[in-house]
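What follows is one structure encoded as structure tokens, with my remarks underneath.
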Amino acid sequence: MKHAMPLLLVLASISLAEISGDTVAGYLDQIGQDLVYERSGNEFVLIAETADSVQVPYMYILVDPEMEGCLLVALTPALLPESGPQRTADLEILAQLNWDYTWVKFAADPETGEVSAMYTFSTENGMGYEAFAVMVNLLLGTVEENWETLSSF
């Protein structure tokens, strides 16, 4: 019983640990040396380089300590048409993808038609490296699995 109070204090401080842009930057650095990103405060853009040495963004990450959340957005090749039967067919494909993938949600920007895959999670009780890395990889893997379908939009 005499160790219960210090243990509770340690657990309370762990659960109240604020997740910051520095936390995410550290995690991105841990993922690998080949990972290139740009940072602006608590916002990150992951960048790939094409064979022609052109830099292309492929993921956006926002950590919001105030809201206790982290948003991961993977960009896709899909672009919804403004209108017509193809738009309806593509929206049906997005609905099916959202049904098929429990953790990842596909969304289209109503102004641009750009389709992205996203995942949001709470950082209320902290955010471990393993959970963060798994979700980044799951999101990118889901986009890769559906690349051909998304490219047909």
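Values reported hereafter were calculated over all heavy atoms of this structure, with side chains retained and with hydrogens, waters and symmetry mates removed. Remember, predicted model here, so these are calculated numbers, not experimental data.
Between the side chain of Thr123 and the backbone N or O of Ile19 there is no donor-acceptor pair closer than 3.5 Å. No donor-acceptor distance shorter than 3.5 angstrom exists from the side chain of Lys105 to the backbone of Tyr119, with no hydrogens or angles considered. Judged by distance alone, with hydrogens and angles left aside, the side-chain atoms of Ser151 form a donor-acceptor pair with the main-chain N or O of Trp147 at under 3.5 Å. No side-chain donor-acceptor contact under 3.5 Å links Asp52 to the backbone of Val54.
At least one side-chain heavy atom of Leu80 sits less than 4.5 Å from a side-chain heavy atom of Leu91. The shortest distance between side-chain heavy atoms of Leu46 and Tyr60 does not fall below 4.5 Å. A heavy-atom distance below 4.5 Å is found between the side chains of Val115 and Leu94. Under the 4.5 Å side-chain criterion, counting only non-hydrogen atoms from C-beta, Phe121 is in contact with Leu72. Within the 4.5 Å cutoff, no side-chain heavy atoms of Thr76 are placed close to those of Phe153. By the 4.5 Å heavy-atom criterion applied to side chains, Leu75 and Val56 are not counted as neighbours. The closest side-chain heavy-atom distance from Leu97 to Asn146 is below 4.5 Å. With a 4.5 Å cut-off on side-chain heavy atoms, Met127 and Tyr27 count as touching.
For the atom pair OG1 (Thr88) and CD1 (Ile93), the distance works out to 11.0 Å, reported to the nearest 0.5 Å.
For Glu38, the CD atom counts as loosely surrounded, since its 6.0 Å shell holds 12 or fewer non-hydrogen atoms of other residues, nucleotides or ligands.
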When you look at Glu145 and Tyr101, which way does the side chain to side chain donor-acceptor pair (under 3.5 Å) test go after all the steps? CA-CA 11 Å; Glu145 270 179 38; Tyr101 292 93; 2.8 Å; yes
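Hydrophobic clustering (ILVMFWY, side-chain heavy atoms < 4.5 Å, transitive): Tyr129 and Leu139 are in one cluster. With hydrophobic clusters built from ILVMFWY side chains whose heavy atoms lie under 4.5 angstrom apart, Leu140 shares a cluster with Leu35. Under the 4.5 Å side-chain heavy-atom criterion for grouping Ile, Leu, Val, Met, Phe, Trp and Tyr, Leu138 is connected to Ile31 within one hydrophobic cluster. Cluster annotation: Met118 and Met135 are assigned to distinct hydrophobic clusters (Ile/Leu/Val/Met/Phe/Trp/Tyr, side-chain heavy-atom contacts under 4.5 Å, transitive). Leu28 and Val36 sit in two unconnected hydrophobic clusters of ILVMFWY residues. Membership requires side-chain heavy atoms under 4.5 Å apart, directly or through other members.
By the salt bridge (charged side-chain N to carboxylate O under 4.0 Å, His left out) test, Asp22 pairs with Arg39, sequence neighbours left out. With sequence neighbours left out, the side-chain hydrogen bond (donor to acceptor under 3.5 Å, both in side chains) criterion links Glu144 to no other residue.
For the pair Leu62 and Glu43, the tightest heavy-atom approach, listed with the atom from each and the gap, is CD1-CG, 3.5 Å. Across Pro81 and Arg87, no two heavy atoms sit closer than the pair O-NH1, 2.8 Å. Residues Cys70 and Phe132 share a closest heavy-atom pair of SG-CE1, 4.4 Å. The two residues Pro57 and Val45 have their closest heavy-atom pair at CB-CG1, 3.6 Å.
Under the side chain to side chain contact (heavy atoms under 4.5 Å, CB included) test applied with Val24, the options Asn42, Asp29, Ile61 reduce to a single match, Ile61. Each of Ile47, Val136, Val143 was checked for a side chain to side chain contact (heavy atoms under 4.5 Å, CB included) with Met59, and the lone residue meeting it is Val136.
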